[in-house]
Amino acid sequence: MPELPEVETTRRGIEPHLLGRRVAEVVVRDGRLRWPVPDSLALELRGLRIDAVQRRAKYLLLRAGDGTAILHLGMSGSLRILPAEQDPTQHDHIDIILDDGFCLRFRDPRRFGSLHWTLANPLEHKLLRALGPEPLADEFCGAWLHARSRRRRVAIKNFLMDSHTVVGVGNIYASEALCRAGIDPRRAAGRISARRYDELVACVRETLTLAIAAGGTTLRDFKDSEGKPGYFGQELLVYGREGQPCAHCEGHIERIVQGARATYFCRSCQR
DNA sequence: ATGGGCACCTGGCTGC
DNA sequence: TGCAGCCAGGTGCCCA
């Protein structure tokens, strides 16, 4: 479910409910996530005031006391703000109960998500320290992509989804950004010009910015923190549109597989 | 270092 | 209606 726009939509949704609140209790019903949730997390978090709700890549960072909870939604995770007494449903694995009677409820059917606690700088955490630039930050630019891609034979779509290259560009938005940029997703990253990388950066930013403004993409079951769907799905140019006519030319959209993931593109206008 | 493939897990949809 | 098979938005890790 969540790519960067969905995670940012979630962050913006939960932030006003969490800032300044104290954690009354943490209930871990099922800590078997991608990595086991440590028993100590509930004890560490209890009583602390939440001072910031930040995002780095697709990780959400809840700053509390001297530490930080590092949360990832995986493929199917979601967060909602609910009255603490509301009965949990299947896959509602963790509640962070606040001092105002509400709770932050983490649901994740596939359990690919994760929750860590650290007292150190979270940006130096093993999971975060090697990540590339944020796609909406200035460090992410054509020159960066061009320099990093020299001699690389990997397909541009896989290069773009590599978190060392840039974070937050997942399977949907990689296809979308390459379509907007008119670049064939199979093209070797090392054989794309600096000028085309400038265009690609603009298209990545445009795609993500529009998706965030629309509240993310709902394909199957994405819901924001209030339980509402995102509306970017209606604006997807190629993703999930196999066989449909291309919006830019007379061609039609194809589905191929790259690195075991579906890629959608138009052969005639992406070169 | 690079690139490719797999695993983790559950649910929804399709087609027989 | 039942069920097998396929697919899914992430990403760390293992292997050649």
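Letters A, B, ... mirror the listed sequences (proteins, then strands); counts begin at 1.
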- Message: Could you tell me if the side chain of Val37(A) sits less than 4.5 Å from the side chain of Asp30(A), heavy atoms only?
- Response: no

- For atom CG of Asn171(A) and atom P of dG9(C), their distance in whole Å: 5 Å

- Ignoring backbone atoms, test whether Arg32(A) places a side-chain nitrogen or oxygen under 4.0 Å from the OP1 or OP2 oxygen of dC8(B). no

- Task: Could you check whether Phe112(A) and the base of dC9(B) form a stacked pair, meaning centres closer than 5.5 Å and planes differing by less than 30°?
- Result: no

- Expressed in whole Å, how much space separates the P atoms belonging to dC6(B) and dC6(C)? 14 Å

- Message: Measuring from the side chain of His72(A) (C-beta onward, heavy atoms only), which nucleotide among dC9(B), dC7(C), dT11(C) has the closest atom?
- Response: dT11(C)

- Which residue pairs satisfy the side-chain hydrogen bond (donor to acceptor under 3.5 Å, both in side chains) criterion with at least one member in residues 131-143 of chain A, sequence neighbours excluded? Arg55(A)-Glu134(A), Arg56(A)-Glu134(A)

- What residues in residues 145-162 of chain A put a non-hydrogen atom under 4.0 Å from any atom of DNA chain B? Arg152(A), Arg153(A), Val154(A)

- Query: Counting just side-chain N and O atoms, does His91(A) come under 4.0 Å of either OP1 or OP2 of dG11(B)?
  - Reply: yes

- Query: What distance, rounded to whole Å, do you find between the two P atoms, one in dG5(B) and one in dC7(C)?
  - Reply: 16 Å

- Message: Dot-bracket, 5' to 3', for DNA chain B please: Watson-Crick or G-U pairs under 3.5 Å, [ ] where pairs cross earlier ones, | where the partner sits on another strand, dots elsewhere.
- Response: .|||||||.|||||||

- Item | Value in whole Å for how far the P atom of dA8(C) lies from CD of Gln258(A) | 13 Å

- Residue pairs passing the side-chain hydrogen bond (donor to acceptor under 3.5 Å, both in side chains) test where at least one lies in residues 79-91 of chain A, sequence neighbours excluded: Thr89(A)-Asp92(A)

- To the nearest angstrom, how far is Arg261(A) atom CZ from dG10(C) atom C1'? 6 Å

- His116(A) NE2 to dT11(C) P, in whole Å, measures 13 Å

- Task: Quick one: label Gln90(A) by what it contacts on the DNA or RNA (base, sugar-phosphate, nothing), any heavy atom closer than 4.0 Å.
- Result: sugar-phosphate

- Message: Give me each pair satisfying ring pair (Phe, Tyr, Trp, His ring centres under 6.0 Å) with a member in residues 96-119 of chain A, each pair once, sequence neighbours excluded.
- Response: Trp35(A)-His116(A), His116(A)-His125(A)

Tabulate protein N/O versus nucleotide N/O from nucleotides 12-16 of chain C, keeping only pairs under 3.5 Å, one per line.
from, atom 1, to, atom 2, distance (Å)
dG12(C), OP1, Tyr59(A), OH, 2.8
dG12(C), O4', Arg34(A), NH2, 2.9
dC13(C), OP1, Lys126(A), NZ, 3.3

- Item | Atom pair distance, as rounded to whole Å: OH in Tyr173(A) and P in dT11(C) | 14 Å

- Residues at least two apart in sequence or cross-chain that pass side-chain contact (heavy atoms from CB on, under 4.5 Å) with Arg255(A), listed by chain then number, are Glu242(A), Val257(A), Ala262(A), Tyr264(A)

- Separation of dA7(B) atom P from Met75(A) atom CE, nearest Å, is 15 Å

- Message: As a quick check of understanding, evaluate side-chain hydrogen bond (donor to acceptor under 3.5 Å, both in side chains) for Arg63(A) and Gln54(A), giving each step before the final call.
- Response: CA-CA 8 Å; Arg63(A) 305 270 191 166; Gln54(A) 300 164 322; 2.7 Å; yes

- Can you list every pair that meets ring pair (Phe, Tyr, Trp, His ring centres under 6.0 Å) and has a residue in residues 188-215 of chain A, with sequence neighbours left out? none

- Task: Kindly give the cluster partners of Leu82(A), where membership spreads through any ILVMFWY side chain lying under 4.5 Å from a current member.
- Result: none

- Can you find a side-chain donor-acceptor pair between Thr263(A) and Gln258(A) that sits under 3.5 Å? yes

- For dA7(B), take OP1 and OP2 only and decide whether either is under 4.0 Å from a side-chain N or O of Arg110(A). no

- Check every strand shown and say whether Gly170(A) touches a base, only sugar-phosphate, or nothing at a heavy-atom separation below 4.0 Å. sugar-phosphate

- In whole angstrom, give the distance that lies between atom CG of Asp30(A) and atom P of dC8(B). 17 Å

- Task: Using side-chain contact (heavy atoms from CB on, under 4.5 Å) as the criterion, list what pairs up with Cys141(A), not counting sequence neighbours.
- Result: Ala143(A), Trp144(A)

- Task: Measure from CG on Asp108(A) to P on dC8(B) and round the result to the nearest Å.
- Result: 16 Å

- Do any N or O atoms from the side chain of Ser76(A) and from the backbone of Arg110(A) form a donor-acceptor pair under 3.5 angstrom? yes

- Item | Residue pairs, two or more places apart or on separate chains, that pass ring pair (Phe, Tyr, Trp, His ring centres under 6.0 Å) and touch residues 146-187 of chain A | Tyr173(A)-Phe232(A)

- Check whether any side-chain nitrogen or oxygen of Tyr239(A) sits under 4.0 Å from OP1 or OP2 of dG9(C), and answer yes or no. yes

- Task: Please collect all ring pair (Phe, Tyr, Trp, His ring centres under 6.0 Å) contacts where either partner lies in residues 39-77 of chain A, sequence neighbours excluded, each pair once.
- Result: Tyr59(A)-His72(A)

